[in-house]
Visitor: 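Just dropping this structure here.
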2 protein chains.
Amino acid sequence: MARRNDHSKEELAELVIDATRHLVDELGPGRVTARKIADRIGYTPGTLYQRFANLNDIFLHVNAVNLAQLETQLGAAAASAETPIDAVLEMGYAYLNYAASHPNRFALMFTSHVPHGEDAPGHVQERVDALFALVTQQMSVIWPEADAETLELRARALWSGVHGVASLSVRDQLFTRHWQADRKMLNELITRFLR
Amino acid sequence: MARRNDHSKEELAELVIDATRHLVDELGPGRVTARKIADRIGYTPGTLYQRFANLNDIFLHVNAVNLAQLETQLGAAAASAETPIDAVLEMGYAYLNYAASHPNRFALMFTSHVPHGEDAPGHVQERVDALFALVTQQMSVIWPEADAETLELRARALWSGVHGVASLSVRDQLFTRHWQADRKMLNELITRFLR
DNA sequence: CAGAATATTAAACAATGTTCATTTAATCAA
DNA sequence: TTGATTAAATGAACATTGTTTAATATTCTG
């Protein structure tokens, strides 16, 4: 068998990314192998390397997709809020929720060894920027007189905090058995910061 | 060659842990292999598996050592401060500093896939607890009237935030080119929280 | 319809974590 | 001082990994 034009380049790339996405969900980042991806889409491992530089490259593309998805969820959460403070809170909960619902995706994005080299899809940085922008936007409502630099700093500061809670929570490194400790901590962190 | 009593069980275990610690520093968690560890201490890979269940087990022991070291540094930072708020700030800086100085150690502790199973050295949880305790302690000075549960929650909330800044900073995921952005963010986060 | 271009494969490579029978030295009993 | 027992360390093997590449078979082009 060789050269069956079952899929176009773009279709194949999407097949690979999608299969990898699901494999990551099912097995966790560390157990996703080139052969498993190839198996799932009905190709052989070698094929992957024509569209992607290596496995890491594929993971980066998966991250881009997931970040975009996360971004829309955060956007929706913010949109449903009445006040800017509520918006940030809701976004925080949405973030926590995403991490809890898709721990493996979250791990791939933030707690796996996926170095973003030159060949990385520029999308990733853009997506993270967009994420921070959502927070900055709310803060500009809370502090209308603050300059851009201050807002950027504060947004990143608070959101890093939110990220910290989510990170430790997914990895069960909070070591507390309070019910919904992560949500309570998030509430504490955000309200004290924005007050 | 076989059975040369060059080292006792305990000595050998320490040799392994120490060699792994340095290899992690030099190569990053992902590039440390059983053969490299064995090479460095002048043994063969098989030997590692008499003292440790597997590579992951070794990593967990390395984490325990590193956590203890981090703990002493945070303790020292707090001790040198005048006020409790300063103490938390200094601890935060020390945390950030440790992450920046030893990014690979930090990665192994928090951003690598090192599942802590049953066989895990209980030390790890105890070390994390001790770390949180350092923060809680300062907060009990700031809020003398607060009950234990509130303090625990607040300490974990703030420290998760600090951890978030450090995490994103080590991985260059803050995507800002402000000079010492991480330190500024940390200051913002802590002072606003404790104010 | 011949020939060029290319998508896909299959096989190979070195390196990985881990296991285990074998070998060698140290320990113990006499 | 022997001989037998115990245990430490080896080395070879295994399956699996990411990645490369020559060969293959199909589609495209003239």
Side-chain angles (χ1 to χ4, degrees), chain A residues 1-17 19-20 23-24 26-63 104 108 112-120, chain B residues 1-17 19-20 23-24 26-63 104 108 112-120:
Chain A
M1 248 202 290
R3 202 189 207 303
R4 42 183 238 224
N5 274 20
D6 288 0
H7 306 96
S8 71
K9 299 182 179 200
E10 294 76 17
E11 281 173 341
L12 187 52
E14 206 179 318
L15 274 182
V16 170
I17 294 174
T20 308
L23 281 171
V24 168
E26 296 168 25
L27 310 174
R31 295 208 166 97
V32 176
T33 72
R35 284 168 177 82
K36 283 176 189 165
I37 300 173
D39 262 12
R40 184 155 295 200
I41 62 174
Y43 280 83
T44 50
T47 306
L48 306 182
Y49 289 83
Q50 282 179 350
R51 233 50 104 210
F52 300 93
N54 46 38
L55 256 194
N56 193 56
D57 189 21
I58 300 180
F59 286 145
L60 286 171
H61 280 85
V62 169
N63 277 346
N104 291 334
L108 187 70
S112 278
H113 186 58
V114 180
H116 41 284
E118 319 303 326
D119 54 341
Chain B
M1 249 204 288
R3 201 189 207 305
R4 40 184 240 223
N5 274 20
D6 290 358
H7 307 97
S8 70
K9 299 184 179 199
E10 295 75 18
E11 282 173 340
L12 188 51
E14 207 178 317
L15 275 182
V16 171
I17 294 175
T20 308
L23 281 171
V24 168
E26 296 168 24
L27 311 174
R31 295 208 166 98
V32 176
T33 71
R35 284 170 178 81
K36 284 177 188 164
I37 300 172
D39 263 11
R40 183 153 296 199
I41 62 174
Y43 281 83
T44 48
T47 307
L48 306 183
Y49 291 82
Q50 282 179 352
R51 237 109 242 131
F52 300 93
N54 45 39
L55 256 194
N56 193 56
D57 188 20
I58 299 180
F59 286 144
L60 286 171
H61 280 85
V62 169
N63 278 345
N104 291 334
L108 188 70
S112 279
H113 184 58
V114 181
H116 40 284
E118 319 303 327
D119 54 343

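Note: hydrogens, waters and symmetry copies are ignored here, and every other heavy atom, side chains too, is used. Chain letters run A, B, ... following the sequence lines, proteins first and then strands; every chain starts at 1.
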Visitor: N/O contacts under 3.5 Å, protein versus nucleotides 2-7 of chain C?
Guide:
| unit_1 | atom_1 | unit_2 | atom_2 | d |
| --- | --- | --- | --- | --- |
| dT6(C) | O2 | Arg3(A) | NE | 3.0 |

Visitor: Considering only side-chain heavy atoms of Tyr49(B), which listed nucleotide, dG18(D), dT16(C), dT18(C), is closest?
Guide: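 Out of dG18(D), dT16(C), dT18(C), the nucleotide with an atom closest to Tyr49(B)'s side chain is dT18(C).
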Visitor: Choose from dT9(C), dG18(D), dG17(C) the nucleotide whose nearest atom is closest to any side-chain atom of Thr44(A).
Guide: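 Nucleotide nearest to Thr44(A)'s side chain: dT9(C).
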Visitor: Nearest whole Å is fine: how far is dG17(C) C1' from Leu23(B) CG?
Guide: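 Whole-Å distance recorded here is 16 Å.
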Visitor: From CZ of Arg31(B) over to C1' of dA15(C), roughly how many Å is that when rounded to an integer?
Guide: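 Computing the Arg31(B):CZ to dA15(C):C1' distance gives 13 Å.
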Visitor: Any side-chain heavy atom of Thr20(B) sitting closer than 4.5 Å to one from Phe59(B)?
Guide: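 With C-beta onward as the side chain, the pair touches.
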Visitor: Can you check the Phe52(B) CZ to dT19(C) C1' distance for me, whole Å?
Guide: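 To the nearest whole Å, that distance equals 18 Å.
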Visitor: To the nearest Å, how far apart are Arg35(B) CZ and dA14(C) P?
Guide: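 Computing the Arg35(B):CZ to dA14(C):P distance gives 14 Å.
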Visitor: Nearest to the side chain of Lys36(A), which nucleotide is it out of dT17(D), dG18(D), dT18(C)?
Guide: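 Ranking dT17(D), dG18(D), dT18(C) by closest atom to the Lys36(A) side chain puts dT17(D) first.
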Visitor: So, are Glu26(A) and Arg40(A) salt-bridged, with charged N and O less than 4.0 Å apart?
Guide: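 Between Arg40(A) and Glu26(A) there is a salt bridge, with a charged N closer than 4.0 Å to a carboxylate O.
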Visitor: For the residue pair Leu27(B) and Lys36(B), establish whether any side-chain heavy-atom pair is separated by less than 4.5 Å.
Guide: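 Yes. Closest side-chain heavy atoms under 4.5 Å.
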Visitor: Do Val32(B) and Leu108(B) have side-chain heavy atoms sitting under 4.5 Å apart?
Guide: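 Heavy-atom side-chain distance check fails, nothing below 4.5 Å.
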Visitor: With heavy-atom distances below 4.5 Å as the criterion, would you say the side chains of Ile41(B) and Leu12(B) are in contact?
Guide: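 A side-chain contact exists here, since the closest heavy-atom pair is under 4.5 Å.
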Visitor: Angle class for the His61(B)/Phe52(B) ring planes (parallel below 30°, perpendicular above 60°, tilted otherwise)?
Guide: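 Ring orientation, 0 to 90° scale: perpendicular.
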Visitor: Have a look at Leu48(B) and say if it touches a base, only the backbone sugar-phosphate, or nothing, with a 4.0 Å heavy-atom cut-off.
Guide: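 No contact at all - Leu48(B) keeps every heavy atom at 4.0 Å or more from the nucleic acid.
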Visitor: Would you kindly compare Leu55(B) and Gly46(A) by the position of their nearest DNA chain C nucleotide and give the one closer to the 5′ end?
Guide: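 The residue closer to the strand's 5' end, by nearest nucleotide, is Gly46(A).
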Visitor: dT18(C), dT19(D), dT9(C): which one has an atom nearest the side-chain heavy atoms of Pro45(A)?
Guide: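 Nucleotide nearest to Pro45(A)'s side chain: dT19(D).
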Visitor: Could you check whether Thr47(A) gets within reach of a base, just the sugar-phosphate, or nothing at all, counting any heavy atom under 4.0 Å?
Guide: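 The residue Thr47(A) makes base contact.
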Visitor: In this structure, how many angstroms lie between the P atom of dT9(C) and the CG atom of Asp39(A), rounded?
Guide: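 Taking atom P of dT9(C) as the reference, CG of Asp39(A) is at 11 Å.
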Visitor: Nearest-Å distance, CD1 (Ile37(A)) to C1' (dT16(D))?
Guide: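 Atom-to-atom, Ile37(A) to dT16(D), this comes out as 15 Å.
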Visitor: In whole Å, what is the span from the CD atom of Glu10(B) to the C1' atom of dA8(D)?
Guide: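 Between C1' of dA8(D) and CD of Glu10(B): 14 Å.
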Visitor: Are the side chains of Asp39(B) and Thr44(B) in touch, meaning some heavy atoms are under 4.5 Å apart?
Guide: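 When only atoms from C-beta onward are counted, Thr44(B) and Asp39(B) do not touch, as no gap falls below 4.5 Å.
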Visitor: Rounding to an integer number of Å, can you tell me how far Asn54(B) CG sits from dT18(C) C1'?
Guide: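 To the nearest whole Å, that distance equals 9 Å.
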